[in-house]
Amino acid sequence: MDFKYDVIVIGAGHAGNEAACAAANMGSKTLLITMDMNKIGQMSCNPAVGGIAKGQIVREIDALGGQMGIITDRSAIQFRMLNRSKGPAMWSPRSQSDRHEFIQQWIRTVSNTDNLFIWQDTVNELVIENGVVTGLKSALGIHFRAKSVILTAGTFLGGLMHFGKNQLVGGRISEPASFGITEQLKSIGFSTDRMKTGTPCRIDGRSINFSKMTEQEGEKDFHKFSFLEEVTRELKQESCWITNTNETTHNEIRKGLEFSPLFNGQIQSIGPRYCPSIETKIVTFADKLSHQLFLEPEGVNSQEYYLNGFSSSLPLEVQIAAIHTIQGLENAQLFRPGYAIEYDFFDPTQLKHTLETKLIKNLFFAGQVNGTTGYEEAGGQGLIAGINAHINCVGGKEFTLARNEAYIGVLIDDLVTKGVDEPYRMFTSRAEYRMLLRQDDADMRLTEKGYVLGLATKNRFDQLNTKKVAQAKLTDFIKTYSIKPAQINEFLAANNSSELKHGCKLSDLVLRPQLGIEMLADALPALKEKLEEISSRKEEIVEATEVLLKYEGYIEREKLIAEKLQRLEHINIRGRIDYSSIHSLSTEARQKLTKIDPENIGQASRIPGISPSDVNILLVMLGR
């Protein structure tokens, strides 16, 4: 057997799989090493992909030629577009997946990708020569040689699980932890620390009284994750269910706080601010009488339900007592309890924007080892690491994404510039240019880049160009077609919109908030005929065109704000502002600005958790 490869990827989670597929599809002979070939692409926590800003990342992965969007659509059992009540910059796709089918789709994908090989083993040492990684050694004693190595070990490096006072060494329940790499890298100068995350219990659906809960159905329109027309949702669609904790629930949890690893000193590492455990919620928000919970199905052929919102490391008996006070869960039977897990991560400021480490050439880090949390953030990093690992093997210009090009660009820039002081999670508020980074136009932004790299296929590129032509024709028609009052006033009056006093362009009507292109087509035969000319993706093209027309002014304004922030970045602010008195700042911003007391606006903007809106508030204060 030949143990020499171009790229070796350690770990077959969401980062590792994207990295391995990217490198292999670009032409590198790639090896993917995993502890368990039956758990490739395992969803360690909730059975869902996407969400606020995370959904945008998945669409970007797909647009570049990655796999997560395709696999999510093919394993989806519910799809929803979040934040529809807000502007399109905030719309975020989210999908429940069949956990088993998600794994099977990943296994199918990596097993049938040219240039990609799989090896089941554990890695405990990297081979480094003169500051360059040249391979690794496995637990089986095999020396694998490589031009580039990508570490995507997730929560497995030094993994320690907490079930109340009970502790188990492992990277995931029933799976062993990995040791050796952290110690080796630390000995040669890498900065490392510990983080903590957690997961809720899993409940037997046969013991749930759904009649006491609120049903949450999915959407059945044209939206999905992958831009490829041939990729569709194939599985039976399922509902989620909503219930709430109550004061009795909180009292049961309070009784067990002294046994909580989070509060008795057993866990010392940094936990996620934005996905807190249930015990953290009732302490932090002591005045809140209830917290919303979601019962999420794990699959079409499974009785397993994920209790979203009830992450906990409390002892089993405390978890059960609290859960039995929740409406609909009075007789709930658990498949397994929730638990917390601590693991090693590396300070991401030790990385370049390519995700190659600064200390060791050709060594890349991606995923939770960089201090992030979430499948989507991991997948985005894995894709960029895989692309650049391949480029390091064959030569060429490094590939990075700017903050105004992709949420993936925002994610990586935040990591390598600001570092992390808690598990990093992507939000729309982290992006200064979120009107430019909408979920609907990721293919327009990125597919050509992926095609030039050799990652996005010609089929994908051709589909993009067909869409571009159709969208341009529709936009041009709407901007140039003239409307007379007699044509439209009756329709406008019927739809509570002001009648025209003189003629206008069709685009002027599209700009009205209560009107849309599809609505206007009912009253204007010429527009209806134009829409009928669109042979494919009609709903997608109409929506994208409407967004561009309605929000054109906001996009221009956003560009001006970005330019203003750049000019004012170096204004000194230390000692000039009492942050605790500015209630328009988020609580997190007040806490962190007070603690750090930044020297200038530039430094303030790079503090983790400080959003662009927080910076704008500071600029207003300075203006006063």
Side-chain angles (χ1 to χ4, degrees), residues 52 56 80-93 219-223 428-429 431-442 444 467-564 584 612-613 616-617 620:
I52 307 302
Q56 283 88 325
R80 295 178 65 230
M81 186 68 74
L82 307 184
N83 276 345
R84 280 188 183 274
S85 62
K86 300 179 180 179
M90 308 295 282
W91 297 351
S92 301
E219 299 171 0
K220 297 178 174 62
D221 65 7
F222 70 94
H223 290 104
T428 52
S429 60
E432 307 93 314
Y433 309 104
R434 51 187 176 273
M435 273 305 300
L436 306 178
L437 306 181
R438 304 181 312 280
Q439 60 84 30
D440 66 272
D441 76 336
M444 295 289 196
K467 176 184 172 181
K468 275 184 176 180
V469 170
Q471 191 168 316
K473 286 182 178 178
L474 179 60
T475 302
D476 182 65
F477 175 82
I478 291 171
K479 284 188 171 184
T480 58
Y481 186 75
S482 298
I483 302 288
K484 295 179 180 178
Q487 284 179 274
I488 200 72
N489 275 348
E490 184 178 345
F491 171 84
L492 294 176
N495 285 278
N496 299 313
S497 189
S498 300
E499 296 183 20
L500 295 179
K501 294 181 180 178
H502 50 76
C504 69
K505 297 298 182 185
L506 176 54
S507 56
D508 294 325
L509 295 180
V510 173
L511 291 178
R512 296 187 180 188
Q514 67 271 43
L515 300 180
I517 293 174
E518 291 277 13
M519 286 177 62
L520 288 163
D522 293 334
L524 298 169
L527 177 58
K528 189 177 185 68
E529 184 179 336
K530 183 59 65 175
L531 294 184
E532 288 173 352
E533 292 176 6
I534 302 174
S535 59
S536 62
R537 301 177 181 269
K538 184 173 81 170
E539 293 171 301
E540 179 184 332
I541 289 168
V542 168
E543 180 182 84
T545 302
E546 195 167 300
V547 166
L548 286 172
L549 290 169
K550 285 182 180 290
Y551 293 90
E552 190 174 14
Y554 290 95
I555 292 171
E556 291 304 314
R557 178 181 159 196
E558 191 169 84
K559 289 178 181 177
L560 291 174
I561 291 173
E563 291 170 4
K564 180 181 178 182
S584 52
S613 62
N616 279 334
I617 290 166
V620 170

* Could you walk me through whether Gln514 and Asn496 pass side-chain contact (heavy atoms from CB on, under 4.5 Å), step by step? => CA-CA 8 Å; Gln514 67 271 43; Asn496 299 313; 5.8 Å; no

* To do: If a pair satisfies ring pair (Phe, Tyr, Trp, His ring centres under 6.0 Å) and one of its residues is in residues 502-549, list it, with sequence neighbours excluded.
  => none

* For Gln471 and Thr545, which heavy atoms make the closest approach, and how far apart are they? -> CG-OG1, 3.3 Å

* Quick one: pull up CZ in Arg84 and CH2 in Trp91 and give me the separation to the nearest 0.5 Å. => 7.0 Å

* **Residue pair Leu506, Phe477: steps toward the side-chain contact (heavy atoms from CB on, under 4.5 Å) verdict** => CA-CA 8 Å; Leu506 176 54; Phe477 175 82; 4.0 Å; yes

* To do: Might you confirm whether atom CD of Glu529 has over 12 heavy atoms from other residues, nucleotides or ligands at distances under 6.0 Å?
  => no

* Structure fact -> The reported gap from CD in Glu546 to CG in Leu511 (rounded to nearest 0.5 angstrom) is 10.0 Å

* Asked: With side chains defined as the heavy atoms from C-beta onward, is the minimum distance between Leu515 and Leu492 less than 4.5 Å?
  -> yes

* Structure fact -> Residues pairing under ring pair (Phe, Tyr, Trp, His ring centres under 6.0 Å) where one sits in residues 530-553, two or more places apart or in two chains, turn out to be Tyr551-Tyr554

* Where do Ala89 and Met435 come nearest, in terms of heavy atoms and distance? -> CB-SD, 3.4 Å

* Could you tell me whether the side chain of Arg512 and the main chain of Ser498 form a donor-acceptor pair under 3.5 Å? => yes

* Asked: Should the heavy atoms of other residues, nucleotides or ligands under 6.0 Å from NZ of Lys501 be counted, would the total exceed 12?
  -> no

* To do: Report the C-alpha distance between Leu509 and Tyr481 in whole Å, list the side-chain angles of each, state the deciding distance to 0.1 Å, and finish with yes or no for side-chain contact (heavy atoms from CB on, under 4.5 Å).
  => CA-CA 11 Å; Leu509 295 180; Tyr481 186 75; over 6 Å; no

* **Closest approach of Lys550 to Val510 (non-hydrogen atoms, all atoms of both residues)** => NZ-O, 2.5 Å

* To do: Check whether more than 12 heavy atoms from other residues, nucleotides or ligands sit under 6.0 Å from atom CD of Glu552, and answer yes or no.
  => no

* To do: Might you work through the side-chain contact (heavy atoms from CB on, under 4.5 Å) test for Asn495 and Met519, ending with a clear yes or no?
  => CA-CA 10 Å; Asn495 285 278; Met519 286 177 62; 3.5 Å; yes

* **Distance in Å, Leu548 CG paired with Glu543 CD, rounded so as to fall on 0.5 Å steps** => 10.5 Å

* Taking atom types as modelled, is there a side-chain donor on Gln439 or His223 under 3.5 Å from an acceptor on the other? -> no

* State, to 0.1 Å, how close Leu531 and Lys538 come at their nearest heavy-atom pair, and which atoms those are. => O-CD, 3.3 Å

* To do: Compare every heavy atom of Asn489 with every heavy atom of Leu500, then report the nearest pair and how far apart it is.
  => N-OD1, 2.6 Å

* **Spatial distance of atom CG (Leu520) from atom CD1 (Ile478) [nearest 0.5 Å]** => 8.5 Å

* Structure fact -> dist Leu524:CG -> Lys530:NZ (nearest 0.5 Å) comes out at 13.5 Å

* Heavy-atom side-chain contact between Met444 and Lys468 under 4.5 Å -> yes

* Structure fact -> Here the gap from Ser429 atom OG to Arg434 atom CZ, rounded to the nearest 0.5 Å, amounts to 6.5 Å

* To do: State, to 0.1 Å, how close Ser92 and Gln56 come at their nearest heavy-atom pair, and which atoms those are.
  => OG-OE1, 3.1 Å

